[in-house]
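Only one structure is covered here, and it is reproduced in the block below.
In the text below, chain A, chain B and the rest are named by the order of the sequence lines, each starting its count at 1.
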Amino acid sequence: GEDVEQSLFLSVREGDSSVINCTYTDSSSTYLYWYKQEPGAGLQLLTYIFSNMDMKQDQRLTVLLNKKDKHLSLRIADTQTGDSAIYFCAEKGNNDMRFGAGTRLTVKP
Amino acid sequence: EAEVAQSPRYKITEKSQAVAFWCDPISGHATLYWYRQILGQGPELLVQFQDESVVDDSQLPKDRFSAERLKGVDSTLKIQPAELGDSAMYLCASSSGWGSTEAFFGQGTRLTVV
């Protein structure tokens, strides 16, 4: 089947930038997403990018897409302690959405 | 702000018992998804509805799981009998329709089977 892979853990200091990486295998993906999940909660959509774009910026968030390498990244500028959570990369092909295992971001004061 | 409602938030059940979860999507959303998220993993799609019709249930363990969305609005996911391995977070999501770019998730139901 098609896979979405992410590194499991990332630790940064407050105020630094965080970069969370994701790779996917489905070349027919039309949209790629970043979701945030806090403990015990559902998934919150942070941002998404259409597959014909290579960058999208939304306030502190920057998404970069390398479609050739099937690589997606999420950069969080000026990371805050409130950004500590699990971040899921997801891709959408025909109509279903497939998720990575999530990257746990820990922000140290 | 409109949101996807799920209940209960938490459920503890004994193995071999029946359990059911309920989801009310955002008003007007035609597409409804049920996902299972095992601890430490990403969500996996169990079933997808378009209005009242199932469009994808290929990953639903049909010997024990069932899902319905009779009037094309709210939905129920049932497990009978529950097994220890069913312990997970069950997430419901909805989107406005076929090909919609965004899916909105509920808070989930945390199921523990003992």
Should A:Y31 and B:E102 count as side-chain neighbours, where that means a heavy-atom distance under 4.5 Å?
no

Heavy-atom contact with chain A under 4.5 Å, split by part of B:A93
neither

Once you round to the nearest 0.5 Å, how far does CZ of B:F105 lie from CD of A:Q37?
9.0 Å

Atom CG of residue position B:L84 - does it have more than 12 heavy atoms of other residues, nucleotides or ligands inside 6.0 Å?
yes

Same apolar cluster: B:M89 and B:Y35, side chain cutoff 4.5 Å:
yes

One should read off an interatomic distance between A:L43 CG and B:Q107 CD, to the nearest 0.5 angstrom, of 10.0 Å

Walk me through it: do A:F99 and B:Q37 pass the test side-chain contact (heavy atoms from CB on, under 4.5 Å)?
CA-CA 10 Å; A:F99 289 82; B:Q37 185 181 19; over 6 Å; no

Identify whether B:W34 and B:I26 are in the same connected component of the hydrophobic contact network (ILVMFWY, side-chain heavy atoms under 4.5 Å).
no

Taking side chain to side chain donor-acceptor pair (under 3.5 Å) as the cut-off, I'd like each qualifying pair that reaches into residues 81-93 of chain B, sequence neighbours left out, listed once.
B:R64-B:E83, B:R64-B:D86

Would the distance check show the side chain of B:R110 and the main-chain N or O of A:A41 forming a donor-acceptor pair, the cut-off being under 3.5 Å?
no

From A:F88 atom CZ to B:Q41 atom CD, the distance as rounded to the nearest 0.5 Å:
9.5 Å

Among residues 44-80 of chain A, which ones touch chain B with a heavy-atom distance under 4.5 Å?
A:L45, A:Y48

Treat each ILVMFWY residue as a node, draw an edge where side-chain heavy atoms are under 4.5 Å apart, and state whether B:L91 and B:F49 are in one component.
no

Quick check on the hydrophobic clustering: are B:I79 and B:Y10 connected, directly or via other members, by side-chain heavy-atom contacts under 4.5 Å?
no

Check for me, please, whether B:L32 and B:F65 land in the same ILVMFWY cluster - side-chain distances under 4.5 Å, paths through other members count.
yes

All heavy atoms of A:G40 vs all of B:R9, minimum pair found to be O-NH2, 3.0 Å

